[in-house]
Amino acid sequence: NKAARFINLCDAFGIPLLSGRDFNDRDSASSTPVAIVNETFAERVTGRANPVGRRFRIEATPNTPEIAYEIVGLVRNSTYFHLREEPYPLVFLAVDQSALSWNGARIVIHSQSPLASTAASVTQAMKEMDPRIAVATVLSYRLLTFWLPILPGWLCFHLLDRKNYI
């Protein structure tokens, strides 16, 4: 399913597109490598000028060649890990075009459906896109944000209680 191979970055993450375009199905391995950048990246690279149409390069490494990307979109600065972070330069690359390793890539999905059915649907869709993709695990946001931080404290409390230290 070719439509499932690209992401509508702005729709998926709710980041306003300020100029240019989002990724689309024409952004393939055989087309010009493209990128979407945030405001901070654009300011540092191009000053205050609109970056759409400009190019930047990612230097070669021992495992990847140097690649020139055309900026096709500019998005508003956003928060990506926590609400109080300062804006930093960020580049989004089309998955099908990136020579960078996607080993350990993460996918974030917002769904009203139960976790089990969502995980099964996503795993099946990924297998249809590319049978080589292995889905290692599916973690619930609730598990990561509530239970994991509480679990060590609960275990310590339980151990101290069992040994009659408290």
Can you tell if the side chain of [X] reaches within under 4.5 Å of the side chain of [Y], non-hydrogen atoms only?
X     : Y     : value
Leu74 : Val37 : yes
Ile15 : Phe92 : yes
Arg55 : Thr32 : yes

Which heavy atom of [X] sits nearest to which heavy atom of [Y], and what is that distance?
X     : Y     : result
Tyr69 : Ala35 : CB-CB, 4.2 Å
Ser19 : Val52 : OG-CG2, 3.6 Å
Arg21 : Val34 : NH2-CG1, 4.0 Å
Gly53 : Glu70 : CA-OE2, 4.1 Å
Arg76 : Asn38 : O-CB, 4.4 Å
Ile58 : Leu93 : CD1-CD1, 4.3 Å

More than 12 heavy atoms of other residues, nucleotides or ligands under 6.0 Å from CD of Glu66: yes or no? yes
Please confirm whether the backbone N or O of [Y] pairs with a side-chain atom of [X], one donor and one acceptor, at under 3.5 Å?
X      : Y      : answer
Ser117 : Pro114 : yes
Asp27  : Pro33  : no
Asn77  : Thr40  : yes
Ser113 : Thr118 : no
Ser31  : Ser28  : yes

dist Phe23:CZ -> Ile36:CD1 (nearest 0.5 Å) comes out at 4.0 Å
Please enumerate all residues that pass side chain to side chain contact (heavy atoms under 4.5 Å, CB included) together with Val45, with sequence neighbours excluded. Phe41
